[in-house]
Amino acid sequence: MSAAGKCFRLDGAEIPFRDGQGVLEAALDAGRYIPHLCFEPGLPPHDSCRLCTVMVGGRAAAACSLPAAEGLDVVSDSPELGDARRQLLQLLFSEGNHICPGCERSGDCKLQASAYAAGMQDNHFPQLFPVRERDASHPDVLLDRDRCILCELCVRGSRLLDGKDVFAIARRGIASQLVVNSPSGLLGDSALAVTDHAVRLCPVGALLPKRPAALVPLGKRSYAQESIATVELRRHAARKPGQP
Ligand code: SF4
Ligand code: FES
């Protein structure tokens, strides 16, 4: 234990942590960015994107769900992990229809920004071109399932932050897809509001507020001029403790 309290090591730096924290959340609190897509402070980890993979004692682990503990020696910044994260991102891009230049979320999309940060140049893997049902029935929110990366942030956010339980994931494997809990199965028939955390938390262009999409021009959006690490660390530091 250091003078500051309990610590673990991340890429050689001492990172303090509170009991019950995971490695990723403690790292963010300490101003150290570990790439991630399906984690949000204040929500239980989901362990699905694996972008937060780090090495601990020669083994790979997801930093979002790895409990912080004294004596851990964690590596996040290495050429091998950079390659692995790039491949994970290429898989995510090839599994969906992520046509960034034509997407309203371009410049505000964590998947796109993570790919830039990882130096991804192409999708590498064969494109699957999924055809899943699009839902434009809600007056203020569009659901494009072909851009969904199944991170379940909207599922957890709706249930735990909005108290609504609007979303769920149905089916398995490659057939998995987001479904809406409403009598008709349509978003317009659900309790979702455009101001819900569930909409805000979507890291890609799958849940899109309809009208604000073009208000901020390309080039002026969140990740257009700064890296995702810089933007996300600043946002994290501005959060009040316990605030989602
Ligand atoms: Fe994640 Fe967005 Fe898909 Fe919900 S709609 S599971 S937040 S990518
Ligand atoms: Fe850890 Fe997605 S952020 S698995």
Side-chain angles (χ1 to χ4, degrees), residues 10 21-28 32-56 60-68 74 76 81 84-85 87-89 91-93 95-98 103-105 108-115 117-118 130 132-136 138 141-162 164-171 175-181 186-187 190 192 194 196-210 228-229 232 236 244:
L10 172 63
Q21 267 193 316
V23 162
L24 175 51
E25 187 178 18
L28 293 171
R32 310 280 300 211
Y33 186 73
I34 298 174
H36 58 278
L37 284 172
C38 71
F39 175 75
E40 180 72 14
L43 292 177
H46 186 242
D47 252 0
S48 61
C49 76
R50 308 304 286 189
L51 201 63
C52 69
T53 298
V54 291
M55 297 301 291
V56 194
C64 61
S65 57
L66 176 66
V74 182
S76 170
L81 285 169
R85 289 180 182 134
Q87 280 198 357
L88 283 168
L89 288 161
L91 281 167
L92 286 173
F93 268 86
E95 283 170 3
N97 294 343
H98 301 286
C103 176
E104 301 89 327
R105 199 73 193 267
D108 280 329
C109 170
K110 289 186 179 174
L111 180 67
Q112 180 193 40
S114 300
R132 306 185 193 113
E133 199 177 343
R134 204 170 288 169
D135 183 342
H138 193 285
V141 181
L142 173 74
L143 168 59
D144 185 344
R145 291 181 172 91
D146 289 342
R147 303 181 203 172
C148 174
I149 60 170
L150 300 170
C151 69
E152 293 201 24
L153 277 170
C154 60
V155 178
R156 288 172 283 158
S158 181
R159 187 173 303 154
L160 300 172
L161 301 176
D162 301 324
K164 292 188 180 175
D165 210 8
V166 169
F167 298 103
I169 301 289
R171 306 190 197 142
S176 300
Q177 68 171 37
L178 192 70
V179 292
V180 175
N181 293 323
L186 292 173
L187 208 53
S190 76
L192 187 79
V194 68
D196 283 0
H197 289 287
V199 179
R200 173 184 66 81
L201 287 171
C202 182
V204 293
L207 277 174
L208 275 172
K210 281 183 175 171
I228 186 168
E232 291 306 309
H236 188 77

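Here the structure is a predicted model, which is why all the values come from computation and not from measurement. Numbering of ligands and ligand atoms starts at 1, following listing order. Quick note: numbers below take in every heavy atom, side chains included, and nothing from hydrogens, waters or symmetry partners.
- Those atoms of ligand 2 with a heavy atom of Arg50 less than 4.0 angstrom away are 2 (Fe), 4 (S).
- We find the SG-CG distance between Cys49 and Leu89 to be 8.5 Å, quoted to the nearest 0.5 Å.
- When distances to atom 4 (Fe) of ligand 1 are checked against a cut-off of 2.8 Å, Cys154 contributes an N, O or S atom below that limit.
- Heavy-atom separations between Val204 and ligand 1 include at least one value shorter than 4.0 Å.
- Using a 4.0 Å cut-off between heavy atoms, Cys148 contacts ligand 1 through both its backbone and its side chain.
- When distances to atom 2 (Fe) of ligand 2 are checked against a cut-off of 2.8 Å, Cys151 contributes no N, O or S atom below that limit.
- Atoms CG and CD, on Asp146 and Gln177 in that order, are 9.0 Å from each other to the nearest 0.5 Å.
- Atom-to-atom distance recorded for Asp144:CG and Leu178:CG is 11.0 Å, nearest 0.5 angstrom.
- Of the charged side-chain nitrogens involved, none lies within less than 4.0 Å of a carboxylate oxygen, so that Arg156 and Glu40 do not count as a salt-bridged pair.
- Closest to atom 3 (S) of ligand 2 among all protein heavy atoms lies His36 CB, 3.4 Å.
- Proximity to Ala206 (heavy-atom distance under 4.0 Å) selects the following atoms of ligand 1: 2 (Fe), 5 (S).
- Among the atoms of Cys38, an N, O or S atom falls under 2.8 Å from atom 2 (Fe) of ligand 2.
- Atoms of ligand 2 lying under 4.0 Å from any heavy atom of Phe39, numbered from 1 in the order shown and given with element: 3 (S).
- In this structure, Glu25 CD and Cys64 SG are separated by 11.0 Å, a value rounded to the nearest 0.5 Å.
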* Would Leu142 and Leu187 count as a side-chain contact (heavy atoms from CB on, under 4.5 Å) if you check the C-alpha gap in whole Å, the side-chain angles of each, and the deciding distance to 0.1 Å? -> CA-CA 8 Å; Leu142 173 74; Leu187 208 53; over 6 Å; no
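- Interface atoms of ligand 1 facing Glu152, defined by a heavy-atom separation under 4.0 Å, are 1 (Fe), 6 (S).
- In this structure, CG in Leu161 is found 6.5 Å from CG in Leu201, a value given to the nearest 0.5 Å.
- Between Asp162 and Arg159, no side-chain nitrogen of the basic residue sits less than 4.0 Å from a carboxylate oxygen of the acidic one, so the salt-bridge criterion is not met.
- Under 2.8 Å from atom 1 (Fe) of ligand 1 lies no N/O/S atom of Cys38, from backbone or side chain alike.
- Which of Cys52, Gly22, Pro35, Ala62 comes nearest to atom 1 (Fe) of ligand 2 through a heavy atom is settled by distance: it is Cys52.
- Between Leu92 and Leu51, the closest side-chain pair of non-hydrogen atoms is not below 4.5 Å.
- Applying the 4.0 Å criterion to heavy atoms of Leu178 picks out, from ligand 1, the atoms 5 (S).
- Ranking the protein heavy atoms by distance from atom 1 (Fe) of ligand 1 puts Cys151 SG, 2.3 Å first.
- Within the listing of ligand 2, atoms 1 (Fe), 3 (S), 4 (S) sit less than 4.0 angstrom from a heavy atom of Cys64.
- Taking a cutoff of 4.0 Å between a charged side-chain nitrogen and a carboxylate oxygen, Arg147 and Glu104 qualify as a salt bridge.
- Ile34 is listed as a side-chain neighbour of Leu10, based on a closest heavy-atom distance under 4.5 Å.
- Contacts between Ile169 and ligand 1 below 4.0 angstrom, taking non-hydrogen atoms only, are absent altogether.
- Only the backbone of Ser48 comes within contact range of ligand 2, with a heavy atom under 4.0 Å; no side-chain atom does.
- Counting only heavy atoms of the protein, atom 2 (Fe) of ligand 1 lies nearest to Cys202 SG, 2.4 Å.
- Every atom of ligand 2 with a heavy atom of Cys49 under 4.0 Å away is listed here by number and element: 2 (Fe), 3 (S), 4 (S).
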